Amino acid sequence: MTPMVRAEGVCKRFGSLEVLKGIDLEVQPGEVMCIIGPSGSGKSTFLRCINHLEKVDAGRLAVDGELVGYRQKGDKLYELKENEVAQKRQEIGMVFQRFNLFPHMTAIENVMEAPVYVKGVNRADARTWGMSLLEQVGLGDKAENYPRQLSGGQQQRVAIARALAMDPKLMLFDEPTSALDPELVGDVLAVMRSLAEKGMTMVVVTHEMEFAREVADSVVFMDGGVVVEAGKPEDVIRSPKHERTKAFLSRVLRKD
């Protein structure tokens, strides 16, 4: 089976700062992988590399067997043109910490926007599809509300519906609950659990340890730009082997 995500020796620098130092991992179709670790460990940067929002400096990244951002001819890699990158990016949904909804558009208009203007779907079909997605995330009754009329958790669920509107093969979540008040987190995690149950391939950067324990098929602990430990949730979270993992989890779980 072709992995949905394959990273081989992925490195990324920002000036003199080496953020990723040779990441190797695979995500299989239908798998939920949670990436945990302290701030500044490279988790979000790696996620952004998967859909070429950041270009890797060394190594190789492939999604569903195709290189991300590059084409190989012989032994050489050639960078894709921006329109080709954008075409590939349509297959990958991404949900950020901040919701980034268009403030002048209603919830349904936010969800319809990409199918209409990127895929050329007619507005009636896009609206029908968009409404089904809003229903899926529990917001069918908020379709005509503007972002300012929604709570943070509701806005994030609209953002998830918007990402799903492009019918992606892979969903990336970059700490999707970190900007939310604690009482709003549960509704967003419930939507993500539902997606996992339906077989969506997901890579989730998160500090929500309970979600990682219950939903993830695999957990990766990153620190200092490297993968320190990886495996099943019960191994990494309940019985970590590396001292750095133990120290991190002791602090995070004590907070929980």
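These figures come from a predicted structure and were not determined experimentally.
- Between the side chain of D64 and the main chain of M4, no donor-acceptor pair closer than 3.5 Å is present.
- Side chains of Q156 and L184 form no contact here, defined as non-hydrogen atoms less than 4.5 Å apart.
- Nearest approach of L20 to G42, heavy atoms of both residues: CD2-O, 3.4 Å.
- Between R13 and D57 there is no salt bridge, since no side-chain nitrogen of the basic residue lies less than 4.0 Å from a carboxylate oxygen of the acidic one.
- A donor-acceptor distance shorter than 3.5 angstrom exists from the side chain of K12 to the backbone of K55, with no hydrogens or angles considered.
- Summarising the geometry, atom CZ belonging to F102 is positioned 6.5 Å from atom CZ belonging to R162; distances are rounded to the nearest 0.5 Å.
- Taken together through direct or relayed side-chain contacts under 4.5 Å among Ile, Leu, Val, Met, Phe, Trp and Tyr, M33 and F211 form parts of separate hydrophobic clusters.
- The shortest non-hydrogen separation linking K21 to C11 is C-SG, 4.0 Å.
- Looking at T201 and K169, their side chains never come closer than 4.5 Å, going by heavy atoms from C-beta outward.
- Between H52 and Y70, the ring planes lie perpendicular to each other; the angle is over 60°, past the 30° to 60° tilted range.
- Rounding to the nearest 0.5 Å gives a distance of 4.5 Å between CG of L47 and CG of L172.
- Proximity of a side-chain donor or acceptor of N122 to a complementary backbone N or O of A124 within less than 3.5 Å is detected.
- Side-chain heavy atoms closer than 4.5 Å link hydrophobic residues (I, L, V, M, F, W, Y) into clusters, and following such links, even through other members, never connects I35 to M209.
- With F46 as the aromatic partner, K43 does not meet the cation-pi criteria of under 6.0 angstrom to the ring centre and within 45 degrees of the ring axis.
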Please lay out, stage by stage, how V95 and M192 fare under the test side chain to side chain contact (heavy atoms under 4.5 Å, CB included). CA-CA 11 Å; V95 178; M192 294 169 64; over 6 Å; no
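- Two residues are said to be in side-chain contact when any heavy atoms from C-beta on lie closer than 4.5 Å; I160 and L195 meet this criterion.
- Using a 4.5 Å cut-off on side-chain heavy atoms (C-beta onward), L53 and M94 make contact.
- Residues V226 and V56 are members of separate hydrophobic clusters, defined by side-chain heavy-atom contacts under 4.5 angstrom among Ile, Leu, Val, Met, Phe, Trp and Tyr.
- Of the possible donor and acceptor atoms, one in the side chain of Q72 sits under 3.5 Å from a partner among the backbone N and O of G74.
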Passes side chain to side chain contact (heavy atoms under 4.5 Å, CB included), V158 versus I108? Steps please. CA-CA 8 Å; V158 173; I108 185 61; over 6 Å; no
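- The heavy-atom pair separating P147 from P103 by the smallest distance is CD-O, 3.8 Å.
- Interatomic distance, CG of L134 versus CH2 of W129, reported as 11.0 Å (0.5 Å rounding).
- Counting heavy atoms from C-beta outward, I50 and L170 have side chains that approach closer than 4.5 Å.
- Note: the hydrophobic cluster containing L133 also contains L150 (ILVMFWY, side chain heavy atoms under 4.5 Å, direct or indirect links).
- Remark: the backbone N or O of R89 is not paired with any side-chain donor or acceptor of N51 at under 3.5 angstrom.
- A 4.5 Å side-chain heavy-atom check between F221 and L249 finds every atom pair outside the cut-off.
- Looking at heavy atoms from C-beta onward, L164 lies in side-chain contact with Q136 at the 4.5 angstrom threshold.
- Nearest heavy atom pair, residue P115 against residue A126, reads CB-CB, 4.4 Å.
- G69 and V85 get closest at one heavy-atom pair: CA-CG2, 4.4 Å.
- We find the CG-CG distance between N110 and L101 to be 4.5 Å, quoted to the nearest 0.5 Å.
- Test L80, V10, V63, I92 against V68 for side chain to side chain contact (heavy atoms under 4.5 Å, CB included) and you get one pass: V63.
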Test side chain to side chain contact (heavy atoms under 4.5 Å, CB included) on M202 and V215 and set out the steps. CA-CA 11 Å; M202 297 160 57; V215 180; 5.8 Å; no
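- Between the R157 side chain and the V137 main chain, a donor and an acceptor come within less than 3.5 Å of each other.
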Working note: F99 + L180, criterion side chain to side chain contact (heavy atoms under 4.5 Å, CB included); need CA distance, chi angles, decisive distance, verdict. CA-CA 10 Å; F99 327 123; L180 301 178; 3.7 Å; yes
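- Between the side chains of S44 and E175, no donor-acceptor pair of N or O atoms lies under 3.5 Å.
- At a threshold of 4.0 Å, the pair E31-K232 does not count as salt-bridged, since none of the basic side-chain nitrogens sits closer than that to a carboxylate oxygen.
- With contacts defined as side-chain heavy-atom distances shorter than 4.5 Å, the pair E91/P168 does not qualify.
- Follow the hydrophobic side-chain contacts under 4.5 Å out from M222 and you never reach I36; the two are in separate clusters.
- We find that E214 and R193 are joined by a salt bridge, their nearest charged nitrogen and carboxylate oxygen being less than 4.0 Å apart.
- Shown here for G30 and D217, the closest heavy-atom pair between the two residues is O-OD2, 3.9 Å.
- To the nearest 0.5 Å, atom CD of residue E208 and atom CZ of residue R213 are 11.0 Å apart.
- Between the side chain of E229 and the backbone N or O of H242 there is at least one donor-acceptor pair closer than 3.5 Å.
- Here the OG1 atom belonging to T177 is positioned 12.0 Å from the CG atom belonging to D187, to the nearest 0.5 angstrom.
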